[in-house]
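Reading through the structure tokens given below for one structure.
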Amino acid sequence: MTATIRSEIEAQFIQVAQEQGNRLAPLTDDLALLDSGLDSLCFAIIVARLEGLLGVDPFTLSDDVLFPVTFGDFVRLYENATK
Amino acid sequence: MRNVIVTGGSRGIGLGICRKLAAEGYRVIAIARTQNGQLAEAMREAEDRNPGSFQFVSFDLSAIDSIPDLVQTLHKGHGAIYGLVNNAGISFHGILSQMPTAQIEQLVRVNTTSPIVLTKYVVRTMMAGGGGRIVNIASIIASTGYSGLSVYGATKSSLTGFTRSLAREVGRMGITVNSVAPGFIDTDLTQSVQGEHRQKIEHRSALRRLAEIDDVANAVEFLLSERAKNITGTVLTVDAGNTA
């Protein structure tokens, strides 16, 4: 299940970068999202699509959730939210 | 059929918009607290002509915390949402210095916060789908003054400001956001303005008459259509030239 979530997230990052014409950095766990090549609108689209695919939006589950710093943090946030 | 949500779709301008959109081939989802005879009749007519084209969902739009669930249910039940018409609104006529604070808060909640939060959740599904149309029903009172409507005016100009910035935000996704600003239209909302006042408004209008519900519905239908694909972030005034 965990591997599936990671691969779904990776697929969305790649697809949205392509659609929006952004150059995506290699998706490693320590990649800072600010350096990923995606902007805030891209992340909004990714979060909206992941909600459709995984049935969860960790950012609306709680008001306390801060936007993750690295790609690894982003994946873990979804892994924890779908547990 | 493309799905369009119309808030406040059970009467007045909202019902007129629903009739028009159902007749033009959209699947309209009218949201309002309660059904009424007029709405039931319009739904029957639409059903005869085009089955499934006019749906009703009972919901109190001032229940802002329940809006995320509403949108999720609509999305699951009907599929992708193409259009959102934020039409629902309330109006209290009264001078500000005498208006109870609770009434001010209620106006802002129903006319400003609720459509913004509803748009937040609907626009997410549009972003995921790669396009859509949002139309906010403002009022000429957003840009002109009317004694006794200062809070109502504040909420309506909040919608035109919201329209402009959101249009910038979501344009890249193929989503358009526009406002329609009706002038004085005969509905339940405006029944407190009668007689002499009404005639004065009519006389002040360039066309010496009042705009009608159908005129507003036509404007909304146009903004939802392919013909308006390059129009976003603007206000379309429908007031028979009252503010010209």
Side-chain angles (χ1 to χ4, degrees), chain A residues 4-25 27 33-68 71 73-75 77-83, chain B residues 2-3 5 29 59 61 63-84 109 113-134 162-177 229 232-233:
Chain A
T4 313
I5 287 170
R6 178 177 287 271
S7 53
E8 286 280 17
I9 293 172
E10 283 175 352
Q12 286 307 318
F13 270 64
I14 292 163
Q15 194 185 330
V16 172
Q18 262 174 7
E19 285 171 8
Q20 294 296 312
N22 291 37
R23 198 189 172 97
L24 187 66
L27 293 174
L33 293 174
L34 277 176
D35 301 327
S36 63
L38 302 180
D39 60 16
S40 57
L41 184 68
C42 293
F43 285 114
I45 298 166
I46 289 170
V47 170
R49 289 200 183 149
L50 286 173
E51 188 182 9
L53 290 165
L54 306 173
V56 63
D57 172 5
F59 302 98
T60 52
L61 286 177
S62 159
D63 285 340
D64 303 331
V65 177
L66 294 176
F67 207 85
F71 181 71
D73 296 339
F74 189 93
V75 172
L77 184 66
Y78 275 88
E79 286 172 348
N80 290 333
T82 49
K83 263 179 193 165
Chain B
R2 281 173 155 171
N3 293 315
I5 297 172
I29 304 159
F59 184 80
L61 287 153
I64 286 166
D65 290 345
S66 305
I67 288 177
D69 286 344
L70 169 76
V71 175
Q72 203 175 29
T73 307
L74 294 176
H75 194 218
K76 274 191 186 147
H78 298 282
I81 298 163
Y82 169 76
L84 168 64
R109 188 176 182 82
T113 314
S114 174
I116 289 176
V117 173
L118 180 62
T119 304
K120 171 186 167 178
Y121 288 96
V122 171
V123 87
R124 291 165 65 121
T125 72
M126 290 177 176
M127 288 167 98
R133 296 270 199 275
I134 296 164
F162 175 60
T163 295
R164 288 200 176 88
S165 287
L166 187 65
R168 291 252 165 215
E169 209 168 287
V170 298
R172 248 170 66 197
M173 293 303 310
I175 301 169
T176 69
V177 190
K229 68 177 191 293
T232 195

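These numbers were taken from a predicted model, which means no experiment stands behind them.
For A:Asn80, the side-chain hydrogen bond (donor to acceptor under 3.5 Å, both in side chains) test picks out A:Lys83, with sequence neighbours left out. Partners of B:Phe162 by ring pair (Phe, Tyr, Trp, His ring centres under 6.0 Å), not counting sequence neighbours: none found. By the side-chain contact (heavy atoms from CB on, under 4.5 Å) test, A:Pro68 is found to be paired with A:Leu33, A:Phe59, A:Asp73, A:Phe74, A:Leu77, residues two or more places apart in sequence or in another chain being considered.
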Tell me which donor-acceptor pairs, judged by distance alone and kept under 3.5 Å, run between chain A and chain B, one pair per line.
from    : atom 1 : to       : atom 2 : distance (Å)
A:Gln20 : OE1    : B:Arg172 : NE     : 3.0
A:Gln20 : OE1    : B:Arg172 : NH2    : 3.1
A:Asp39 : OD1    : B:Arg172 : NH2    : 3.4
A:Asp39 : OD2    : B:Arg172 : NH1    : 2.9
A:Asp39 : OD2    : B:Arg172 : NH2    : 3.1
A:Arg49 : NE     : B:Ala128 : O      : 2.9
A:Arg49 : NH2    : B:Ala128 : O      : 3.4
A:Glu51 : OE1    : B:Arg124 : NH2    : 3.2
A:Asp57 : OD2    : B:Arg124 : NH1    : 3.2
A:Asp57 : OD2    : B:Arg124 : NH2    : 2.3

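Closest heavy-atom contact between A:Leu41 and B:Met173: CD2-CG, 4.1 Å.
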